[in-house]
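Notes follow the structure.
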Amino acid sequence: MAITLNQALRIGGLSKCSVVSGHKGIERDISNVTIMEVPDIVRWLKGKELLLTSLYPIKDDENAMQNLVKELHARGTSALAIKPHRFIDKIPKVILDEAENYHFPIIEIPEEVTYLDILSPVMNIIFNDKVVIQEDLEQAYQLLDEIKLNKVSINQLAVTLKHLMKYETKIDSFVPYISIPSQEIDLAPITEDQKRELKIVQRPVRMNRWNPTLEKEQACIIAPLIIEGNILGAITSIGVEKGFLEVDLDILERAITTLSIEFLRKKASYDLEQQYKSDFFRDLLFSQIQHEEILLEKGRMFGFDLKHQYTFVTIQFSPNKEGITFIAELVEHLEFVCSQFDRKVIIGAFQNGLYLLYPSSNKSKERIDKELETIYKSLKNKIDTEIYIGVGRPAMNLNDIRDGYDQAYQAVILGRTLHDNKHIIYYEELGFYRLLATFNNTTEVKKFYEESIGSLIHYDENHDLELITTLSTYFAHNESVSKTAEALFIHINTMKYRLQRIKAITSLDIRNSEDKLILQVCLKIHQFIQNDYRFR
């Protein structure tokens, strides 16, 4: 068995050494480690060795110094590790220069590192003895346990992992209650497809992540943090191609355990906060407000402040078999998404819907559209179902917020039929239907509708003329008989006949302005009552 020099540099005493020349040869294979004790050591070499030396056998032989690298390279030696300090002050320049020419790695061994610190661990790895790395692992575990017990920062954990594994490390959080401080490593976010794969395999896997700074994909090992079947975060070791060892996987998995404790600690507080937040939403929207200041004080726990001028937003979608667990996951996801553009958004969930108190003060319509579109796209990537977002009017006080709740809900209920090509519907876009939504006496509305075009509805149920559709299309084409006939793919005479039948059945004449208004209003009501729960 052989390992690469790059792998070896993370084992035992070699982890404290530095490559000082010939860096391009760092991926050379090593199948043996030996010590240079005599001047003619080269003749006994077989290739793929890591050679350890103090240069004592040739310290006074200038010719041997000049030819050492050339001869080792010719023999197929993988690298030369030199320990200065005792017999030579520093590694000779001629050796360093020749090493660069041949891409032959030269490693400098610190004074405190012994040959045995290098030879034993590396050879044990080469011979695949698992007990070999136990000592290194125990030291790593001890360090990670200290981080866990002392609640060291997430950034410090990343620095520690970089030290232990010799790879740059990035920690990601996919939940709102763990905020990761900015890190030096610039990587694009882990994609939803990658998250799904990590959630399935539930172990460290090789993946590529895009580096915008370098403008290229980087090979990585990503270890998922999964709690109760949900992926909450990940640890990424960056730039990993070949040189990843089993010991690194052990350290990563131990680090995930350490990190999960911090996530669980924060999640407990977050879940409790969500319960209080749901209670606040119910009080805000449905309870009788006797003491406004008490309600405002409760809301301040979540950043609620009327000076932000909230716009109430509701998000509705097809129910999922996972029920409230599904909704709870979406709240976490949505809070994480909203935190990227406005941390003042307050999110609640009840009645199988999501609800937002969205701060809209000093925001342009373009910015609001953009942020709501971001919310829609993020949810669409998360779940495979129809999603509609209803938006009420900006609110200046608590009563306005309550009205905003009704407005946002009506925008969803009506808008998904009136605007079947839109997924974000503003209440103000509902036009005439806003008036219908305000009527409390639905009995009178329905009676007016039945008396006016009820007979037309019943006629259509037993005949094939589709008179309601014909009338709607007629008004949609500005009362042009020819354009309506063309849109319905019928002859113009057929169209004229249908208009005559409408007049005969309803006693309403489209040429009479009063009758025409009644027909238009009733068509609006017809479309409205299909989606308003009050008429069911």
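Throughout, numbering of the chain's residues begins at 1 and tracks the sequence.
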Legend entry - Shortest non-hydrogen separation from Y358 to R367 and the atoms involved: OH-O, 4.4 Å
Inset, instruction - Report yes if some heavy atom in the side chain of I235 is under 4.5 Å from a heavy atom in the side chain of L252; otherwise report no. - result: yes
Inset, instruction - Any chance you could measure L356, atom CG, to F312, atom CZ, to the nearest 0.5 Å? - result: 8.0 Å
Legend entry - Qualifying salt bridge (charged side-chain N to carboxylate O under 4.0 Å, His left out) pairs with a residue from residues 209-226, counting only residues at least two apart or across chains: D172-R209
Inset, instruction - Report the distance from atom CD1 of I401 to atom CZ of F281, rounding to the nearest 0.5 Å. - result: 9.0 Å
Inset, instruction - Could you give me the CA-CA distance, side-chain angles and deciding distance for E168 and Q218, then say whether side-chain contact (heavy atoms from CB on, under 4.5 Å) is met? - result: CA-CA 11 Å; E168 293 288 351; Q218 284 194 273; over 6 Å; no
Legend entry - Pairwise side-chain contact, E371 with V345, heavy-atom cut-off 4.5 Å (strictly under): no
Inset, instruction - Step by step, work out the salt bridge (Lys or Arg N to Asp or Glu O under 4.0 Å) result for K447 and E450. - result: CA-CA 5 Å; K447 185 178 179 181; E450 287 284 356; over 6 Å; no
Inset, instruction - Identify the two heavy atoms, one from A487 and one from T473, that lie closest to each other, and give their separation to 0.1 Å. - result: CB-CG2, 4.0 Å
Legend entry - Separation of D369 CG from K363 NZ (nearest 0.5 Å): 12.0 Å
Inset, instruction - Decide yes or no for L295 and F280: does some side-chain heavy atom of the first lie under 4.5 Å from some side-chain heavy atom of the second? - result: yes
Inset, instruction - Measure from NZ or CZ of K365 to the centre of the six-membered ring of Y426, then state whether that distance is under 6.0 Å and the direction lies within 45° of the axis. - result: yes
Legend entry - Heavy-atom side-chain contact between H333 and S378 under 4.5 Å: yes
Inset, instruction - May I ask you to test the P176-Y270 pair for a side-chain heavy-atom distance under 4.5 Å? - result: yes
Inset, instruction - Could you tell me whether the side chain of E386 and the main chain of H423 form a donor-acceptor pair under 3.5 Å? - result: no
Inset, instruction - For the pair D283 and K298, evaluate side-chain contact (heavy atoms from CB on, under 4.5 Å) and give the outcome as yes or no after the intermediate values. - result: CA-CA 10 Å; D283 290 344; K298 183 184 289 187; 2.7 Å; yes
Legend entry - Donor-acceptor contact present, side-chain N397 to main-chain N399, <3.5 Å: yes
Legend entry - Heavy-atom closest contact (I222 atom, A234 atom, distance): CG2-CB, 3.9 Å
Inset, instruction - Ignoring hydrogens and angles, tell me if any N or O in the side chain of S360 forms a donor-acceptor pair with the backbone of Q309 under 3.5 Å. - result: yes
Legend entry - Side-chain ion pair, E297 and R300, N-O less than 4.0 Å: yes
Legend entry - Point-to-point distance, once rounded to the nearest 0.5 Å, from CZ of R498 to CD of E466: 6.5 Å
Inset, instruction - For the residue pair S287 and R282, establish whether any side-chain heavy-atom pair is separated by less than 4.5 Å. - result: no
Legend entry - Salt bridge K370-E373, side-chain N to carboxylate O under 4.0 Å: no
Legend entry - Backbone N/O of H458 and side chain of N462: donor-acceptor pair under 3.5 Å: yes
Legend entry - From S472 atom OG to L523 atom CG, the distance as rounded to the nearest 0.5 Å: 4.5 Å
Inset, instruction - State whether the number of non-hydrogen atoms from other residues, nucleotides or ligands found under 6.0 Å of E486 atom CD is greater than 12. - result: no
Legend entry - For the student: nearest non-hydrogen atoms of L157 and I171, plus distance: CD2-CD1, 3.9 Å
Inset, instruction - Measure from the side-chain N and O atoms of K382 to the backbone N and O of K377, and report whether any donor-acceptor pair falls under 3.5 Å. - result: no
Legend entry - Under 3.5 Å side-chain donor-acceptor pair for Y355 and Q316: yes
Legend entry - Other residues, nucleotides, ligands: >12 heavy atoms within 6.0 Å of D464 CG: no
Inset, instruction - Count the heavy atoms of every other residue, nucleotide or ligand shown that sit under 6.0 Å from CD of E228, and state whether that count exceeds 12. - result: no
Legend entry - Within 6.0 angstrom of N362 CG, more than 12 heavy atoms from elsewhere: no
Legend entry - Main-chain N/O of T258 paired with E262 side-chain donor or acceptor, under 3.5 Å: no
Inset, instruction - Start with the C-alpha gap between I425 and L430, add the side-chain angles, then the distance that decides, and say whether side-chain contact (heavy atoms from CB on, under 4.5 Å) holds. - result: CA-CA 8 Å; I425 307 110; L430 297 179; 4.2 Å; yes
Inset, instruction - Could you give me the CA-CA distance, side-chain angles and deciding distance for N230 and K199, then say whether side-chain contact (heavy atoms from CB on, under 4.5 Å) is met? - result: CA-CA 7 Å; N230 299 315; K199 185 176 179 180; 4.0 Å; yes
Legend entry - CD/E461: more than 12 non-hydrogen atoms of other groups inside 6.0 Å: yes
Legend entry - Identified side-chain contact (heavy atoms from CB on, under 4.5 Å) counterpart of V337 within the set L379, I347, T374: T374
Inset, instruction - Report yes if the side chains of M495 and Y474 come closer than 4.5 Å at any heavy-atom pair, otherwise no. - result: yes
Legend entry - Output field: ring centroids F304/Y310 closer than 6.0 Å: yes
Inset, instruction - Give, for atom CD1 of I389 and atom CD1 of I375, the distance between the pair rounded to the nearest 0.5 Å. - result: 6.0 Å
Legend entry - Any side-chain heavy-atom pair of L398 and R402 under 4.5 Å: no
Legend entry - N-O pairing of K195 and E192 below 4.0 Å: yes
Inset, instruction - Using a cut-off of 6.0 Å, state whether more than 12 heavy atoms not belonging to F475 lie near its atom CZ. - result: yes
Legend entry - Greater than 12 external heavy atoms within 6.0 Å of F286's CZ: yes
Legend entry - Shortest non-hydrogen separation from L249 to P204 and the atoms involved: CD2-CB, 4.0 Å
Legend entry - For E332 against V175, the heavy-atom pair lying closest together: OE1-CG1, 3.6 Å
Inset, instruction - Check for a donor-acceptor pair, side chain of S173 on one end and backbone N or O of I178 on the other, with a separation under 3.5 Å. - result: yes
